[in-house]
Amino acid sequence: MADMDNSGGTGDGRQGWLGRLLAALAPGANGGMSADRRAADDQATSFGHISAIDLADVVPDPIVVFDRSGAVVHANQAAIAAFGAFRLGSSVQLKFRAPEMQALLGAVLGGEAGVAPIDYSERVPVDRLYRVAIRPVGTASGLFAMTFRDHSEARRIDRMRADFIANASHELRTPLAAIAGFIETLRGPAKNDAKARERFLGIMEEQTGRMARLIDDLLSLSRLEMKSHHNPSDRVDLAAVVGGVADTLTHLAGELGVAIERDFPGHPVFVAGERDELIQVFVNLLENACKYGQSGKRVIVSVEETTEGADVTVRDFGPGIPKDDIPRITERFYRVDIEASRAQKGTGLGLSIVKHILNRHGARLTVHSEPGKGASFVVHFPAAG
Amino acid sequence: MPSHTLQAYDEELKFLATRIAQMGGHAERMVEEAVAALVNSNDALAQTVIRNDRVLDEAEREIDDKAVLIIARRQPMAIDLREIIGAIRISADLERVGDLGKNIAKRVAAAGQTQQPAKLFRGIEALAELALTQLKDVLDAYGSRAIDRIAAVRDRDEEIDAKYTSLFRELLTYMMEDPRNITACTHLLFCAKNIERIGDHATNIAETVHYIVTGSQLPAERPKEDESHTVVVAGG
């Protein structure tokens with residue numbers, strides 16, 4: 001029992017604390033008070049050697065315990081992961097500012113009993129939705145436990161559906177219209193023209209390819225948005241990932257007449273991340289550099305360690321990106337040059353995907369460009385934790 | 001917060017901080033809803049936002065009264081005094097943020113008159129997301145008294161300015177393409193400007209929070225990056 005330090009100075013005995021917390025957290029804990037009390041005593045005896053803090057920490061849902069004045073007594077690991085660090089003793093009302101949370105906390109701290117759970121949503125940095133309930137811990141501890149149940153997933157699926165329909169219907173219309181037009185021509189004027197038929201079928205194939213790519217990108221973007229609130233924890237060697245991507249793209253670069261030059265340190269550079277997603281990031285960045293910077297004939301990709309973590313730079317020597325477009329290029333379907341994007345089979349989603357993956361990794365993308373001299377995309381990773 | 005012999009004094013200071021947090025939550029919500037109303041042309045939501053502005057006005061007045069009362073009664077010093085002065089300043093900034101949100105809401109009907117390209121609204125949405133992140137970060141810093149991220153807030157204000165300038169240019173282009181767009185685009189221009197101003201208020205709050213916690217001011221104002229005053233339409 002060397003873990004008294006975290007008890008928050010409530011003056012309660014360890015076992016009473018634990019028992020009451022458990023009773024409050026137990027499903028269906030809304031029953032009679034005396035039943036709570038009994039359950040508390042029972043559990044206190046059987047779990048007496050575990051600390052309530054440890055127990056709260058293994059619960060996957062965020063839990064915040066506070067006293068009658070609203071001062072935070074404990075926030076479990078899930079709460080810290082979801083809402084950032086809590087200062088013990090600071091007011092819980094300062095942490096949750098949303099009007100509905102203020103109303104809920106106000107009611108509970110004002111002494112109202114049986115306050116109904118509410119839905120609490122956050123828009124930035126990522127969209128999240130919680131069902132929040134506050135219940136007193138036991139009968140006389142003066143503590144309250146606030147529990148959060150994550151409903152973000154359900155909401156994201158809803159939004160994904162709405163977004164998908166909106167984006168897809170808009171972006172798929174153009175290729176679809178083209179295909180419809182060619183079908184009409186093939187049935188009518190070009191019915192017996194074998195040469196025209198061949199050509200039109202070729203264009204139709206191209207258009208269906210574009211539609212397929214678009215759907216793939218939209219789906220992968222939506223999937224990323226769905227899990228954007230989980231931070232990846234694997235350790236990944238950036239040098240290996242970026243090197244591997246450069247290898248796979250050598251062929252494409254060769255076709256475009258671009259040489260990929262590498263500038264890597266001789267040792268692995270580790271960051272926290274998810275391998276497949278990072279591969280997607282660098283494939284997108286390198287492919288863009290090769291395609292849109294084709295006129296520069298070369299692309300330099302470098303990995304370096306910095307004081308804050310690690311940077312990966314992809315630099316091309318093409319026409320560059322106009323200054324006014326730079327702040328916007330990660331927006332969905334934002335294209336600097338629509339014709340060039342179409343010609344390179346771009347979907348307008350590549351950099352949105354990059355941005356989403358990097359957000360999830362706590363990494364940042366900065367873009368520098370001088371018109372006529374090329375552009376460099378720098379990904380800043382925080383140090384591996 | 002250090003405690004005082006008089007518990008009532010502590011209570012009064014805590015009241016101010018809680019009230020600021022409430023105002024912050026309201027202001028964030030108003031901006032969020034105003035932008036959502038604009039993007040989805042939702043008049044009903046816009047009306048709610050306009051009605052809700054009253055809450056912030058009342059809160060600001062209440063904080064002012066309370067702050068003056070505390071100063072008169074307790075003659076606060078050092079951190080307490082900064083806390084109170086800071087509350088007055090932040091509540092003024094938040095009240096302005098609410099006004100800007102309300103102003104966006106008021107333009108919803110006019111901006112939705114003619115069908116605008118979705119791309120424009122996405123630009124405004126992205127701009128609003130940046131401003132809301134700023135606001136959230138400074139209000140979180142106020143709540144936790146952690147000032148390590150304050151400097152980043154000021155840096156990111158440049159990002160907002162750059163995006164605003166880019167939107168400005170794009171709106172001008174749309175207006176040139178078709179004069180029928182002028183009404184809606186002018187309203188959108190004001191909306192974008194309002195969002196950019198919200199970012200500025202967040203920066204002000206960041207400076208105030210820094211002052212409350214450390215007692216010293218952040219280094220002088222960085223140079224302004226909003227370059228829309230230099231944007232002209234070429235060949236027009």
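Being a predicted model, the structure only gives us computed values, none of them experimental.
With values rounded to the nearest 0.5 angstrom, B:Thr18 atom OG1 is found 7.5 Å from A:Gln102 atom CD. Here the NZ-OG distance, from B:Lys14 to A:Ser69, works out to 4.5 Å after rounding to the nearest 0.5 Å. In this structure, the separation between CD on A:Glu122 and CD on B:Glu32 is 9.5 Å, given to the nearest 0.5 Å. Atom CG of A:Leu94 and atom CD of B:Gln22 lie 9.5 Å apart (nearest 0.5 Å).
Of all heavy-atom pairs between B:Ala21 and A:Gln93, the closest is CB-O, 3.6 Å. Closest of all the heavy-atom pairs between B:Arg29 and A:Ala98 is NH2-CB, 3.7 Å. In terms of heavy atoms, B:Ser144 sits closest to A:Arg87 at O-NE, 3.4 Å. Minimum heavy-atom separation, B:Gly25 to A:Pro99: O-CD, 3.7 Å.
At most 12 heavy atoms of other shown residues, nucleotides or ligands fall within 6.0 angstrom of atom CZ in A:Arg364. Counting non-hydrogen atoms of neighbouring residues, nucleotides and ligands closer than 6.0 angstrom, the CZ atom of A:Arg131 exceeds 12 such neighbours.
Residues of residues 125-136 of chain B that come within less than 4.5 angstrom of chain A, heavy atom to heavy atom, are B:Ala126, B:Glu129, B:Leu132, B:Thr133, B:Lys136 in numerical order.
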